[in-house]
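Model, not experiment: these values are computed from the prediction. Naming convention: chains lettered A, B, ... in sequence-line order (proteins, then strands); numbering from 1 in each chain. Side-chain atoms are counted along with the backbone in the values below, which use heavy atoms only and exclude waters and symmetry mates.
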Amino acid sequence: MTVTTRFAPSPTGYLHIGGARTALFCWLYARRHGGRFVLRIEDTDLERSTPEAINAILEGMSWLGLDYDEGPLYQTHRFDRYREVLERMLAEGTAYRCYCSKARLDAVRADQQARKVKPRYDGRCRDLTEPPADAEGAPVIRFRQPHEGHTVVDDHVKGKVVFDNAELDDLIIARGDGTPTYNFVVVVDDMDMNISHVIRGDDHLNNSARQSNILKALGVEPPVYAHVPMILDEAGKKLSKRTGAASVMEYRDAGYLPEAVINYLVRLGWAHGDQEVFTLDEMIEHFDVGDINHSASSLNPSKLDWLNQHYMKTLPPAHVARHLAWHLGALDIDPGRGDGPDIEAVVQAQAERSKTLVEMAENSRFFYRTPEGYDEKAARKHLKGAEDVLGALHDALAVVDPWTADAIHQAVTGVAEERELKMGKVAQPLRVAVAGGPVSPPIDITLELLGREATLARIEQARAWALTQAEHAP
RNA sequence: GCUCCCAUCGUCUAGCGGUUAGGACGCCGCCCUCUCAAGGCGGAAACCGGGGUUCAAGUCCCCGUGGGAGCGCCA
């Protein structure tokens, strides 16, 4: 049996971070076993499905690098097939038409809730041989659920879960307008697509018994089920747009690398001993649904930050640079235009002082744009009264040759020694002069990247500023 | 209300009857240092409660408690 997994989101919003992890698990499991991974769009709810949401899902999958062997398959393209199976079940008696009005159903449910019993269909039409006299509107189709015995779902994450069939009612598998419903199309699709392992959120665990029974009614062996726990926000509450990044594209926008998000996600609810950092190949090699945790897990944003920085430091600079360029673009900076430093060198200089690409882009802005004004506190502390040092720096740097970090370093320490100043008294004014603020990569590297021309111009500018301050001083 | 799931440091987790309960993030301290970081070293920090089973329980069973999910002509 070839392993076939599927990710089956409904296109009603964005690609949720929990959904992304489910997709990752499905993908890993298929890859691990040399099987197939199918992407299926569950769009039978014509009211709520949108093309924008479909695009958001596709875009998210692509950004994460989760490629599929088949799909995207759309359930709306398969209505004829669903109809065919429906007819067959009707003919075989495993499904029946139900003429109960919504009003009656609501009344039954309200009554059950008032009596504090589990709301369920009371089976009025279950054994009808012809439409009742009071039938109005088109009938729905219900699955004839066995009422005796138990249904055992051998879940590969949770273990054996036993459901009393008496608890299961006759669910609607086709609406009055003839369109099929979720619990039915899932079953038909999983059957037709030969899905061997259904890996999905554990909010579906309760559905498994009924789906499994429909499959049996169709004469098909149910797939292996593996229900993965939910992902909660930092506070341990259900993720929402308000409480945190629920959409994977928000992570891209916030400056995370897909590699970091993937690595973060795989360790959320799954572990391989003490290992924290995994290459894709290592994940594929070690992943198993049996090792997935049973309980929900909360997001830990600072750990994602740590992983993100790890990947910014260790991935090939050219790769990180491509992502950085995107964020620089958001700042209206085009690093490829040639009037700034090589972006890969910027990545190498900034990686160890950035948690995200957004942060890296913001902190690298001064390489491409002359700072507009100085950080007030830094200027007061380091620029005021530094006109002499800045002048000396200017002179020393003007003759540095070649313009390399080593030579620059010698020039700067030379000025410090000459004036018997600590390095901090020289490097900080210089730093504020060129970067506009008190933070930058090591000063020699900063200047090397910035180039001689820009360096000298900014030192001059800072010296002029310091001079003005001195004049206005009391 | 009924059914189902879940429970180890703040968080992510290792543990699969015998451990000084391990690692990671974060936090704190020290070192390094031209800034910020990064890095190195060290530290504080957990088995939800109660019963069993067993020579031995974080690990197995039961009951509580606390979370969560489901109970739609949504998926």
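Nearest nucleotide to the A:K102 side chain, out of B:C73, B:A69, B:C12: B:C73. For A:D203, the listed nucleotide lying nearest its side chain is B:A69; candidates were B:A69, B:U3, B:U13.
Here B:U13 presents its P atom at 14 Å from CG of A:D274, a figure rounded to the nearest Å. Per the geometry, CZ belonging to A:R120 stands 13 Å off C1' belonging to B:G70, to the nearest Å. Put simply, CZ on A:F184 is 18 Å from C1' on B:G72, counting in whole angstrom units. Rounding to whole angstrom units, CG of residue A:D305 and P of B:C27 are separated by 10 Å. Rounded to whole angstrom, the span from the CD atom of A:Q275 across to the C1' atom of B:A24 amounts to 12 Å.
Distance check on atom P: B:C27 versus B:C36 gives 16 Å, rounded to whole Å. Atom P of B:C61 sits at a distance of 16 Å from the matching atom of B:G18, rounded to the whole Å. Taking the P atom of each, B:A24 and B:A14 are spaced 15 Å apart, rounded to whole Å. Only the P atoms considered, B:U54 is 37 Å distant from B:G68, to the nearest whole Å. Separating the C1' atom of B:G26 from that of B:A44 is a span of 13 Å, rounded to the nearest Å.
Evaluation of atom-type donor-acceptor distances gives no pair under 3.5 Å for the side chain of A:K158 against the base of B:C5.
When the side-chain nitrogen and oxygen atoms of A:T181 are compared with OP1 and OP2 of B:G72, none of them lie within a distance under 4.0 Å. Remark: A:R109 is not in phosphate contact with B:C2, judged by side-chain N or O atoms under 4.0 Å from OP1 or OP2. Between A:N207 and B:C4 there is no side-chain polar atom (N or O) within less than 4.0 angstrom of OP1 or OP2. Here A:T44 reaches the OP1 or OP2 of B:A75: one of its side-chain N or O atoms lies under 4.0 Å away. A close approach under 4.0 Å does not occur between any side-chain nitrogen or oxygen of A:K118 and OP1 or OP2 of B:G70.
The residue A:S297 sits close only to the backbone: its heavy atoms come under 4.0 Å of sugar-phosphate atoms, none of a base. Residue-level contact check: A:P442 touches the bases, meaning some heavy atom is under 4.0 Å from a base atom. Nucleic acid contact class of A:P441 (heavy atoms, under 4.0 Å, all strands): base. Across all strands, A:H227 comes closer than 4.0 Å to no nucleic acid atom at all (heavy-atom distances). Heavy atoms of A:I443 sit under 4.0 angstrom from at least one base atom.
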Report, one pair per line, the protein and nucleotides 38-40 of chain B atoms (nitrogen or oxygen only) whose separation is under 3.5 Å.
{"unit_1": "B:A38", "atom_1": "OP1", "unit_2": "A:K355", "atom_2": "NZ", "d": "3.2"}
{"unit_1": "B:A38", "atom_1": "O4'", "unit_2": "A:E352", "atom_2": "O", "d": "3.2"}
{"unit_1": "B:A38", "atom_1": "O3'", "unit_2": "A:K313", "atom_2": "NZ", "d": "2.7"}
{"unit_1": "B:G39", "atom_1": "OP1", "unit_2": "A:K313", "atom_2": "NZ", "d": "3.3"}

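Nearest approach of A:P229 to A:D202, heavy atoms of both residues: CA-OD2, 3.4 Å. The nearest pair of heavy atoms linking A:S212 to A:T151 is OG-CG2, 4.1 Å. Of all the heavy atoms in A:P222 and A:L215, the pair that sits closest is CA-CD2, 3.9 Å.
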Checking side chain to side chain contact (heavy atoms under 4.5 Å, CB included) for the pair A:T446/A:F367: CA distance, chi angles, key distance, verdict? CA-CA 8 Å; A:T446 299; A:F367 281 124; 4.1 Å; yes
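Toward the 5′ end of RNA chain B lies the nearest nucleotide of A:G269, the other residue of the pair A:L105 and A:G269 mapping further downstream. Residue order along RNA chain B, read from the 5' end via each residue's closest nucleotide, puts A:S295 first among A:R431 and A:S295.
At a threshold of 4.0 Å, the pair A:D106-A:R109 counts as salt-bridged, since one of the basic side-chain nitrogens sits closer than that to a carboxylate oxygen.
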